[in-house]
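Below: the structure, in structure tokens.
Being a predicted model, the structure only gives us computed values, none of them experimental. Chain identifiers are assigned alphabetically (A, B, ...) following the order of the sequence lines, protein sequences preceding nucleic acid strands; residue numbering begins at 1 within each chain.
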Amino acid sequence: MISVYNTLTRSKEPLRPIVEGQVSIYVCGVTPYDHAHIGHARPAVVWDAIKRHLRRRGYVVRHVQNFTDIDDKLIRRAAETGESVEAVAARYMAEYQEAMAALGVIPPDFMPRVTDNLSAIIDFVGQLVARDFAYARDGDVYFRVGRMADYGKLSGRDREELRAGARVEPQENKEDPQDFALWKRASADEPGWESPWGRGRPGWHIECSVMSSRYLGPRFDLHGGGIDLVFPHHENEIAQSEAYYGHPSVNVWVHNGLVTLSSVKMSKSLGNGVELLDLLRHYQATALRTYLLSVHYRTPIEFSFEALQDWQTGLGRLQAMWQEVQALGPSSALVGGEWLEDLWGFERRFLAALDDDFNTARAFAECFELVREARRVRAQGGQAAAVAGYLTKVGLAAANEILGFLAPQPGPAADFGSERQEVPTWVSMLLAVRQQARQAGQYEWADRVREALREAGWGIEDGRTESRAIPLRPSRPTQEA
RNA sequence: GGCGGCGUAGCCAAGCGGUAAGGCGAGGGUCUGCAAAACCCUUAUUCCCCGGUUCGAAUCCGGGCGUCGCCUCCA
């Protein structure tokens, strides 16, 4: 039984799909007006893991994630660069998808865009107006929040408090400061679509109500997004959809914690090393992906290069074990002991962790314990080692199906660990001479060469029979002052 | 000011009523000419503070303090 934390009820609930054996998911996507950054990757990676786990548990999953390809920020950006809104959106949508592919994210089954859903949006708004849930004023259309008695139920606000706190500047045209725009009049130089209320564009919230129901039906199982979207976005979405359908649309509201960036002086201006394509140049794609899964999805992550680096280091142990066992096959040896049951039980424990509100942090802990136990048994050698190795391979493969920490993903980022940087001739020649010196016992000279190479950016590892040169690189992007 | 999180070893982080997962780091060890790499072992009598409930609390309740998010565009 899978349990999921529902923001609406503030408790974990058993997952009870509307249609037996199927799970429908809608996740709020991005507005492609700037580079994709680490914060955008979290919901994508988290939902990717959730989806893979649901599939592993036998559900047929239908997953929709939108692009908000028309909005004020996009219009502003287009004005700055002198491009069309479509061109700006297309560029950043492509970048986003490139980054997601590198992170091993299975694309959603549908990625609807607002601009492809205009007539449905206009119809939806028209219905709300016709039924008095909304009103038009000078080409704008507003939702009448006062019509919804339980407005505020998701975010735990009540209308009186909202009014008292009223930071919402009363807009001239609104009947009530809490009313929000379903449709916004477009000025002559802005993109717009013809509608019964004149030329305009959709408000921010309406798209999700329309597209979720269009692709998943008037009721669906899970609605995701960042915790920052709870108010006003999801609150308003609930108001619209429930006004339209007369019943709740969403079974379970699932919100991921944010990636906060205070330590890297994050602002919307970016350019500080947290852009995904930039990060992917300096860290393993698998490390970046799983760093976001190393913490429970509802816990906020205070991003730091150090924490990411530490995680990558630890992940290397899992990857090293995989390298060691991936060629092993089943054994005919009949061996066993307590360790056999431990290794055998891995997948059960791993999946149980994920059943519990998708606890990827605990799932990873199981992986590390699997590897440690396997190391212990393998150190003893013999048939037990072969059997333990094979079981570990099976376990890691199963875990990797969901968490995705092994296969380096194709993409702009060469995988840090697997990349074979070309060793220059002068280095290999020096290494060869040094090897002879070592065999002759001239260690003092050999040590000096090692030191000199280190300063030149090459680390030397002396093995039993040969020495290797490893490129030393900065482990993270240099930060601008 | 209102609403919602969070505060667990040097750092990151699970656990959310039954007696502290996991990772990094650190210390010790195996291997090695040494070093590195790799691997093994060790590393919180205790969970921000003060009260309370309970046979029993990191976990529940009340009150503080700190911190983050939202209330305006944000994943």
Options B:A75, B:G2, B:G33, nucleotide nearest the side-chain atoms of A:R434: B:G33
Examine distances only and state if a side-chain atom of [X] and a backbone atom of [Y] form a donor-acceptor pair shorter than 3.5 Å.
X	Y	answer
A:N6	A:W253	yes
A:R201	A:D71	no
A:R317	A:R372	no
A:D140	A:R185	yes
A:R349	A:D342	yes

For atom [atom1] of [X] and atom [atom2] of [N], their distance in whole Å:
X	N	atom1	atom2	value
A:R42	B:A75	CZ	C1'	10 Å
A:F346	B:A21	CZ	C1'	14 Å
A:D71	B:U72	CG	C1'	14 Å
A:E451	B:A35	CD	P	15 Å
A:L154	B:C3	CG	P	16 Å
A:D72	B:U72	CG	P	15 Å
A:E306	B:A26	CD	P	15 Å
A:F350	B:G22	CZ	P	17 Å

Summary of protein contacts for nucleotides 5-19 of chain B, nucleotide by nucleotide, where a base hit scores B, a sugar-phosphate-only hit scores S (4.0 Å, heavy atoms): --------SSS----
Across all strands shown, which nucleotide pairs with [N] by Watson-Crick or G-U wobble geometry, both distances under 3.5 Å?
N	value
B:G10	B:C24
B:U30	B:A38
B:U45	none
B:G69	B:C3
B:C60	B:G52

Residues touching RNA chain B, which here means a heavy atom under 4.0 Å, drawn from residues 440-450 of chain A: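 Nucleic-acid contacts, sorted: A:Y443, A:D447, A:R450.
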Pick the [atom1] atom in [N] and in [M], then give their distance to the nearest Å.
N	M	atom1	result
B:G25	B:A37	P	9 Å
B:C24	B:C40	P	10 Å
B:C73	B:U59	P	38 Å
B:U46	B:A20	C1'	7 Å
B:G7	B:C50	C1'	16 Å
B:U45	B:G10	P	10 Å
B:C48	B:A57	P	15 Å
B:C12	B:A44	C1'	15 Å

Is there any protein nitrogen or oxygen under 3.5 Å from a nitrogen or oxygen in nucleotides 36-44 of chain B, and what are the pairs?
residue: B:C41; atom: OP1; partner: A:R376; partner atom: NH1; Å: 2.2

Residue closer to the 5' end of RNA chain B, A:E366 versus A:G257 (nearest nucleotide):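 Its nucleotide being nearer the 5' end, the pick is A:E366.
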RNA chain B: 5'-proximal contact among A:V259 and A:F368 (nearest heavy atom): A:F368
Set of ring pair (Phe, Tyr, Trp, His ring centres under 6.0 Å) partners for A:F350, sequence neighbours left out: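 Counting only residues at least two positions away or on another chain, A:F350 forms a ring pair (Phe, Tyr, Trp, His ring centres under 6.0 Å) with A:F346.
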Partners meeting ring pair (Phe, Tyr, Trp, His ring centres under 6.0 Å) with A:Y96 (sequence neighbours left out):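 Expected list: A:F67.
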List the atom pairs, donor and acceptor, that lie under 3.5 Å between side-chain atoms in residues 230-239 of chain A and the rest of the protein, sequence neighbours left out.
residue: A:H233; atom: ND1; partner: A:H205; partner atom: ND1; Å: 2.9
residue: A:H234; atom: ND1; partner: A:E237; partner atom: OE1; Å: 3.3
residue: A:E235; atom: OE1; partner: A:L154; partner atom: N; Å: 3.2
residue: A:E235; atom: OE1; partner: A:S155; partner atom: N; Å: 2.7
residue: A:E235; atom: OE1; partner: A:S155; partner atom: OG; Å: 2.6
residue: A:E235; atom: OE2; partner: A:G152; partner atom: N; Å: 3.1
residue: A:E235; atom: OE2; partner: A:K153; partner atom: N; Å: 3.3
residue: A:E235; atom: OE2; partner: A:L154; partner atom: N; Å: 3.3
residue: A:N236; atom: OD1; partner: A:Y151; partner atom: OH; Å: 2.4
residue: A:N236; atom: ND2; partner: A:H205; partner atom: NE2; Å: 3.1
residue: A:N236; atom: ND2; partner: A:P232; partner atom: O; Å: 3.4
residue: A:E237; atom: OE2; partner: A:H223; partner atom: ND1; Å: 3.4

Distance-only side-chain donor-acceptor flag, A:S3 / A:D357, under 3.5 Å: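 Note: A:S3 and A:D357 side chains miss the donor-acceptor criterion.
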Touch class at under 4.0 angstrom, heavy-atom based, for A:L229 against every strand present: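 A:L229: backbone/sugar contact only, no base atoms under 4.0 Å.
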Sugar-phosphate only, base, or nothing, as touched by A:G39 at under 4.0 Å among non-hydrogen atoms: base
Side-chain heavy-atom pair A:V46, A:T360 within 4.5 angstrom cut-off: no
Side-chain touch A:V371/A:R375, heavy atoms, less than 4.5 angstrom: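 In short, these two side chains touch, coming nearer than 4.5 Å.
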Greater than 12 external heavy atoms within 6.0 Å of A:R62's CZ: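 Check fails, neighbour count at 12 or below.
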Heavy-atom pair with the smallest gap, counting every atom of A:R450 and A:D462: NH1-OD2, 3.4 Å
Single hit among A:Y291, A:F364, A:F305 for ring pair (Phe, Tyr, Trp, His ring centres under 6.0 Å) with A:W311: A:F364
